[in-house]
Structures are given as C-alpha cells and as structure tokens.
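One structure is given below, encoded as structure tokens.
All values below were derived from every heavy atom in this structure, side-chain atoms included, with hydrogens, water molecules and symmetry-related copies excluded. So you know, we letter chains A, B, ... as the sequences are listed, proteins then strands, and number each from 1.
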Protein chains: 2
Amino acid sequence: MNKVTIMDIAKAAGVSKSTVSRVLSRPDMVNSKTRNRVLELMKQMDYIPNQLAQGLAGTPTRNIGVVIDELSNFFFIEIAEGVDWVLNTQNYSMQLSSSRWVEEREFLLVRSLISSRVDGILLAPVLPESPTIRLLKHAGIPFVLMNCIPEDEEISYVSCDNVKGGELAAHYINSLEKEQTILITGFEHQSMGDRVDGFYNCVDHSKGDIKRYRGVKTFEDGYDLVPILLSRDEIERKKSVLFITNDNVALGVMEHLVALSIPIPEQVSVVGYDNIRLSSLCRIPLTTVSQSIRDMGRIAAMELLDLMASPDSKPKRHLLAPEFVVRSSSV
Amino acid sequence: MNKVTIMDIAKAAGVSKSTVSRVLSRPDMVNSKTRNRVLELMKQMDYIPNQLAQGLAGTPTRNIGVVIDELSNFFFIEIAEGVDWVLNTQNYSMQLSSSRWVEEREFLLVRSLISSRVDGILLAPVLPESPTIRLLKHAGIPFVLMNCIPEDEEISYVSCDNVKGGELAAHYINSLEKEQTILITGFEHQSMGDRVDGFYNCVDHSKGDIKRYRGVKTFEDGYDLVPILLSRDEIERKKSVLFITNDNVALGVMEHLVALSIPIPEQVSVVGYDNIRLSSLCRIPLTTVSQSIRDMGRIAAMELLDLMASPDSKPKRHLLAPEFVVRSSSV
DNA sequence: CTGTTAGCGCTTTCAT
DNA sequence: ATGAAAGCGCTAACAG
C-alpha cells in the first residue's frame with residue numbers, strides 16, 4: 001500500500017508536518033515558495049492523502065451515501081444519474097448501493113454509511129417509516145428521502161404525486177371501450193398504495209368490479225401472470241384493460257402477450273406507470289404515467305447539499321407532478 | 001452527529017476502552033459476562049463504530065471500490081450486479097461510481113477510493129494502459145480489471161473474447177443475402193477494436209467494400225445516423241446489413257428505422273453486440289453477440305477477493321467466450 | 001508564515 | 001481477562 005504520509009514529505013521538504021497539512025487544507029496560508037516545493041514533492045513521491053485520517057481529524061469526507069431499492073431497474077438508475085450529475089458539479093462523490101427491497105439490508109447499508117462518515121445520505125426507502133429512518137434522524141446526519149412521503153413532517157423528501165398519477169390513469173381508462181378492467185400491483189410500497197388510491201378514487205366503478213392481482217413484482221412475475229389472466233379472466237375474448245402500477249412488470253406482461261399473439265391494443269390495452277426509458281423502446285411502446293425521474297434525483301441531491309450547508313433550514317418537501325403519456329399499447 | 005464512542009460506553013460499563021474495543025474485534029477474548037453487558041450498552045446507547053477510526057487503526061474497511069464507464073447502460077449495470085452479488089455474500093460493501101468514459105475522472109475516482117482505503121478495486125477502464133492503472137499498481141492495492149485486456153502480464157482481468165465475437169458476427173453476416181454491409185462503431189475502446197479486428201478477419205471482402213461509420217457512441221447518435229445512412233447509402237433501396245458493435249447504439253438505429261417504416265429485417269438487417277437485456281425486449285428483438293455480462297462481474301469479484309486473501313498469487317486472467325444469438329432483426 | 005502540541009476513535013502490544 | 005499507553009495520518013488551535 002501507499003505508505004507515503006505528510007510526515008515523509010515534511011522531512012523531504014525540511015518543514016514540519018503542519019506546513020504540509022496546510023498546503024493541503026489552507027494553501028494560501030503557506031509561503032508560495034515552500035508551498036510549491038511541497039506540492040512538487042507530493043507529486044514526485046506519489047503522495048495520496050489518507051481520507052480516513054482526514055475524516056477522523058474532522059474534515060468533511062465529501063462523500064454522499066446513496067441507497068436505492070434496486071440496481072437493475074432503470075427507474076432507480078435514472079435517479080442515481082440525476083444525483084451523480086449534481087454531486088459531481090459540486091465535487092462530491094457518490095457512494096451507491098442497493099437495498100434490494102429488504103429493510104434489514106437497507107438498515108445495515110445506512111449504518112455503514114454513517115459509520116464511514118459520509119457527509120449526507122440520500123435514501124429511497126423500502127417503507128416510509130422504519131428503523132432506518134429513525135436511525136438517520138437520531139444520528140443527526142443530513143438526509144433526504146426519495147420516492148417516498150414520510151409521515152414525519154421534519155423529514156425532507158422528493159417524491160412524485162402518485163395519487164395524482166393514479167387519477168390520471170383512471171381518467172384515461174374511463175374513456176376506453178372495454179369489457180373489464182384489471183389492476184395489477186407489485187411491491188407493497190407506499191408509492192404503489194398511493195397510485196392505487198388515486199386510481200380507485202376516479203375510476204368508473206359503474207362498469208363492473210375491478211379485479212386485482214397483487215404481489216406481481218418483477219418482469220418475470222408479469223410474464224408468468226399471463227396464463228392466469230387467460231384462464232381466469234379470458235382476456236383473449238373479453239376486451240380488457242390492464243392497469244399495471246409498474247412499467248417493468250407491464251413489460252413482462254406484454255412480452256408474454258406478444259409471444260401468444262394476443263393483439264395489443266386491439267384485444268388487450270396495457271397501461272403502466274413510471275415511464276422508464278424502456279417503455280418507449282419496447283416492442284409495443286407503453287402507455288404510462290410519467291415521472292420526471294431524473295429530476296427527482298437532481299432535486300434530492302441539491303436539497304441535500306443545501307441541508308448540509310444550513311442544517312437548520314426548514315425541511316424540504318417536494319412533490320413532482322406526473323404526466324400521462326399515451327402510446328400504442330392502449331386504445 | 002452520533003457522538004457515542006467506545007470511551008462513552010466504556011465508562012457506562014465501568015471497564016476500559018480496550019475492553020470495549022475487544023468486544024468489537026476479538027469478542028472471544030472477553031469474559032462473556034462483561035461482553036454481554038457491553039453489547040447491551042452498545043445497543044441501548046445506539047453506538048455505531050467509527051469506520052474511519054477503525055480503518056486508520058489498521059482494520060480492513062471491507063469496502064470494495066467499483067468503477068465502471070457508464071451508469072445508464074445495462075451492460076455495466078449487469079456487471080455491477082454480478083459484483084454486488086458476490087461481495088454481499090462475503091460481507092463486503094460495494095462503492096460504485098462511473099467514469100463516464102473520461103480518463104481523468106477515472107483517475108480521480110480511483111485515487112479517491114485508494115485514499116479512502118478500500119480493500120480492493122474493480123475497474124472497467126477507459127483504456128487498457130493508463131495513468132490510472134499505473135497508479136493502481138504503484139499503490140499496491142489488489143485490483144482486477146473488467147472488460148479489458150491489459151498488456152501488462154501481471155495484471156488480473158476478466159474480459160470477453162471480443163475478437164472471437166467479431167468473427168462470429170462476420171460468419172453470420174457472410175451467410176446473409178445483401179447488397180451492402182455497413183460497419184458502425186462507437187467509443188474507441190479496446191473491446192471495440194478487437195470486435196472490428198475479428199470481424200475484418202472473417203468477413204467476406206469479395207462482396208464489395210465495407211463502409212464504416214465511426215464515433216457513433218450513444219443511442220441518440222445511432223438514431224441520428226439513420227438519415228445519413230439513407231442519403232449516402234440508400235439503405236431504403238439496397239438490401240443492407242448493419243453490424244453495430246454496441247447494442248445500445250443498434251437500438252437507436254432501429255428505433256429510427258422503425259419510425260420511418262423501413263422494414264427490418266426485410267430491407268435492413270441489424271446485428272448488434274453485447275446482448276444487453278433490452279436487446280430481447282426491444283421493438284424488434286436484436287440479433288447480437290452475447291457476452292455473459294453478469295458472469296464477468298461475478299468472476300471479477302471472486303478473483304479480487306482471492307487476490308486480497310493471497311496477494312502474491314499469480315495474476316488471474318479470464319477470457320469469456322461469446323455466443324451468437326439470432327433474433328428477428330436480421331435475415 | 002511556521003513549528004509545537006494535542007487530539008479525532010479505535011486497535012494493539014505489553015504489562016498486570 | 002483486563003488496563004495503560006502508544007500510535008494510525010491528519011487537522012487545528014496556540015505560540016512564536
């Protein structure tokens with residue numbers, strides 16, 4: 001390992017280690033001649049400051065911890081990109097990791113981030129209320145939640161208006177010709193709950209009951225649901241509308257429908273939620289509720305930096321408006 | 001911030017801080033009674049060890065730095081997933097960041113990782129030979145390169161056999177009916193060079209010159225190239241085969257072709273490279289050269305852990321075999 | 001402007 | 001089994 005320390009270069013330069021330390025932290029406090037000599041030596045000797053030591057001694061680490069729910073999900077990746085973008089312009093590094101939707105993992109990750117003294121944390125929580133969030137508050141570290149609306153009014157967050165999004169979907173679906181409407185939901189996440197609430201608020205219940213399938217979480221789950229839809233709901237003969245609260249799953253469903261040559265949208269209309277990038281590129285471009293995902297990351301990052309700068313500023317609470325995007329998967 | 005230190009809990013427990021430290025690092029060396037008391041106190045007082053201090057004092061950080069070229073690219077995300085998977089089972093954390101294909105950023109990121117004393121580094125380098133790699137060697141930190149074949153024989157890597165992949169594509173394309181073949185390449189990355197070499201090795205040159213477009217790097221670039229292909233190469237009337245050395249770009253090209261109602265594969269056949277997940281889900285499933293991307297991450301991570309355990313073991317050098325996948329974008 | 005000194009929180013001999 | 005003390009590399013008063 002790199003064993004060069006400020007002490008080594010101090011000796012080489014014939015100065016004290018304080019001086020060397022100063023050229024690192026307050027260069028202007030050092031005589032330009034010695035400063036240059038020291039800098040030169042640093043370069044020559046391949047000196048790399050030990051961030052652990054700096055951190056221990058009190059310097060902010062300029063590291064921001066980011067915890068998302070899934071890595072292989074464009075939704076979260078786009079958030080991370082937004083975050084990364086902002087952080088970089090401000091010379092912060094991002095430390096990205098995934099909870100994989102498991103609370104305990106989330107807790108451990110956050111704990112580890114605190115333990116490694118990141119200057120702030122961005123979290124897309126599994127639940128809006130959890131030990132993780134209590135930990136964050138208790139630790140007194142600046143943090144902003146993403147894709148989640150916490151009950152605690154003191155907590156900063158950036159989320160999308162999922163109730164509104166559900167309503168948009170309902171209005172659109174009300175306007176469609178159909179014999180049945182089927183709702184398909186996945187992870188029991190707050191955002192999903194809100195979407196469903198908004199949907200039920202506005203959907204036209206007079207057109208018969210709305211069937212619901214729960215726990216359909218992944219692309220594969222969606223794919224596997226299709227045979228059930230066929231046998232239980234006869235979607236191949238009754239003109240059906242599927243509202244699937246997650247694009248990723250919707251893609252899986254469509255994939256299987258296409259494989260079985262069931263015409264979309266003539267026989268089955270599909271409406272998703274999220275507007276991930278894939279939704280416009282997939283086999284049959286997907287009608288969906290769009291969230292400006294990247295903005296979510298960007299705003300969250302900016303607010304976090306703000307929070308770090310002025311810790312007692314009021315909590316930042318952002319609710320981004322969704323938009324409805326009609327594509328060819330529905331009619 | 002969390003101000004509870006071992007000293008605090010030592011006082012509370014009426015023992016010395018050494019003892020507390022021991023229950024952290026060598027629990028078995030402590031009387032089980034005191035140990036339990038201390039552990040209980042830690043829980044009660046919400047104690048979180050300071051990883052910086054631990055690291056400074058010599059304990060490995062159990063952090064692995066991972067640097068990829070792009071975040072919003074399933075190719076690299078899948079690598080990261082593979083890595084994450086392995087690391088987690090071994091109780092290591094991953095610190096993920098993106099160089100965005102810029103060498104300087106890559107260098108800075110690696111430097112910062114070393115500076116924060118990660119135990120090892122996984123890097124998908126921009127170039128097979130660079131200051132970054134020299135830095136890594138010099139620092140003496142265990143590392144494995146991904147998606148790259150370094151010239152230096154002492155360096156461990158996991159990559160795919162891109163020459164072979166190019167050859168596979170050429171053989172397939174030789175078998176296709178066509179009036180012209182067009183090669184489209186992007187980032188001047190080693191892997192791309194190898195693909196092209198393999199391709200030229202095997203492609204049938206007797207069927208006329210092969211035109212080449214360079215510097216087509218992103219989905220958008222691919223999209224924008226289509227009008228040029230139309231005007232310069234008249235692909236709408238001459239039956240054409242496009243070999244695009246990157247699926248992401250191929251998707252962009254296809255998107256625009258579809259928008260212009262140019263029939264794929266009847267009029268234009270498209271062959272990509274990478275077999276990212278999208279390639280099987282996109283509007284017209286893409287014929288492509290498949291790399292077992294996730295394996296690459298998994299193997300790299302495993303070899304890194306191995307390297308960390310026995311630092312003087314021989315360099316690990318893996319070349320994964322590609323596979324050719326025919327889908328509906330070509331005929 | 002520069003050197004001296006005392007920590008930051010934890011691990012680790014070395015005694016006891 | 002436990003405590004005392006030194007030290008990891010760096011920063012931050014405090015003197016000069």
Side-chain angles (χ1 to χ4, degrees), chain A residues 1-39 41-42 45-63 111-112 114-119 139 141, chain B residues 1-39 41-42 45-63 111-112 114-119 139 141:
Chain A
M1 284 299 293
N2 180 64
K3 301 254 58 169
V4 187
T5 73
I6 44 171
M7 199 55 217
D8 297 322
I9 98 107
K11 276 182 198 150
V15 297
S16 77
K17 60 179 193 152
S18 325
T19 303
V20 178
S21 169
R22 279 190 197 101
V23 353
L24 252 29
S25 33
R26 291 165 168 39
D28 37 307
M29 278 184 64
V30 175
N31 180 302
S32 67
K33 255 177 122 164
T34 38
R35 186 194 331 142
N36 287 136
R37 187 153 40 94
V38 168
L39 284 170
L41 249 5
M42 287 185 172
M45 304 174 69
D46 284 312
Y47 169 71
I48 301 182
N50 183 329
Q51 226 172 88
L52 300 185
Q54 298 186 139
L56 228 207
T59 309
T61 57
R62 297 199 81 79
N63 263 135
R111 196 171 187 281
S112 160
I114 294 176
S115 169
S116 60
R117 294 297 184 269
V118 293
D119 296 336
I141 188 175
Chain B
M1 283 300 291
N2 181 64
K3 302 255 60 175
V4 186
T5 75
I6 44 170
M7 198 55 217
D8 298 322
I9 96 109
K11 277 182 197 148
V15 297
S16 78
K17 60 182 193 149
S18 322
T19 302
V20 178
S21 170
R22 280 192 194 99
V23 353
L24 251 29
S25 35
R26 291 164 168 39
D28 37 307
M29 279 184 62
V30 174
N31 181 302
S32 66
K33 255 178 120 163
T34 38
R35 183 187 340 135
N36 287 135
R37 188 153 38 95
V38 168
L39 284 171
L41 249 7
M42 286 186 172
M45 303 174 67
D46 283 312
Y47 169 70
I48 301 182
N50 183 330
Q51 228 173 85
L52 300 185
Q54 299 187 136
L56 226 207
T59 309
T61 57
R62 295 199 83 77
N63 265 136
R111 194 170 188 283
S112 160
I114 295 176
S115 170
S116 61
R117 294 297 184 270
V118 293
D119 296 337
I141 188 174

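Protein atom NZ of A:K3 is 14 Å distant from nucleotide atom P of D:dG7, rounded to whole Å. To the nearest angstrom, P of D:dG9 lies 15 Å from CE of A:M42. To the nearest angstrom, C1' of C:dT12 lies 9 Å from CE of B:M29. Straight-line distance from the CD1 atom of A:I6 to the C1' atom of C:dT5: 14 Å, rounded to whole Å. Rounding to whole angstrom units, CD of residue A:Q51 and C1' of D:dC8 are separated by 16 Å. For A:N36 and C:dC1, the CG to C1' distance is 15 Å, given to the nearest whole Å. If you take CG of B:L56 and P of D:dA6, they are 18 Å apart, rounded to a whole angstrom. The nearest whole Å value for the distance from the CG atom in A:L52 to the P atom in D:dC10 is 10 Å.
Side-chain contact check for B:R22 versus B:V38: every heavy-atom pair is 4.5 Å or farther apart. At a threshold of 4.5 Å between non-hydrogen side-chain atoms, the residues A:T19 and A:N31 do not count as touching. Using a 4.5 Å heavy-atom threshold, the side chains of A:T5 and A:N50 count as separate. Taking 4.5 Å as the limit, every side-chain heavy atom of B:Y47 sits out of range of all side-chain heavy atoms of B:L41.
Note on A:S16: a side-chain N or O is less than 4.0 Å away from OP1 or OP2 of C:dG3. Put simply, B:T34 has no side-chain N or O that comes within less than 4.0 Å of OP1 or OP2 on D:dA1. Within the structure, every side-chain polar atom (N or O) of A:S21 is placed at least 4.0 Å from both OP1 and OP2 of D:dA12. Taking side-chain N and O atoms only, B:Q54 has no distance below 4.0 Å to OP1 or OP2 of C:dG9.
Checking side-chain atoms of A:S115 against main-chain N and O of B:P49 turns up a donor-acceptor pair under 3.5 Å.
When the nearest nucleotides of DNA chain C are assigned to A:D28 and B:N50 by heavy-atom distance, the more 5′-ward of the two goes with A:D28. Between B:A57 and B:G14, the one whose closest nucleotide on DNA chain D sits nearer the 5' end is B:G14.
Between the base of D:dG3 and the side chain of B:R22 there is a donor-acceptor pair shorter than 3.5 Å. For a distance-only test at 3.5 Å, the side chain of B:S18 qualifies as a donor-acceptor partner of the base of D:dA4.
Taking the side chain of A:N31 as heavy atoms from C-beta on, and the options C:dT12, D:dT11, C:dT2, the nearest nucleotide is C:dT2. Nearest to the side chain of A:R26, among D:dC10, D:dA12, D:dT2, sits D:dA12.
At the heavy-atom level, B:V15 lies under 4.0 Å from the strands shown only through sugar-phosphate atoms. The residue B:R35 sits apart from the nucleic acid: no heavy atom pair falls under 4.0 Å.
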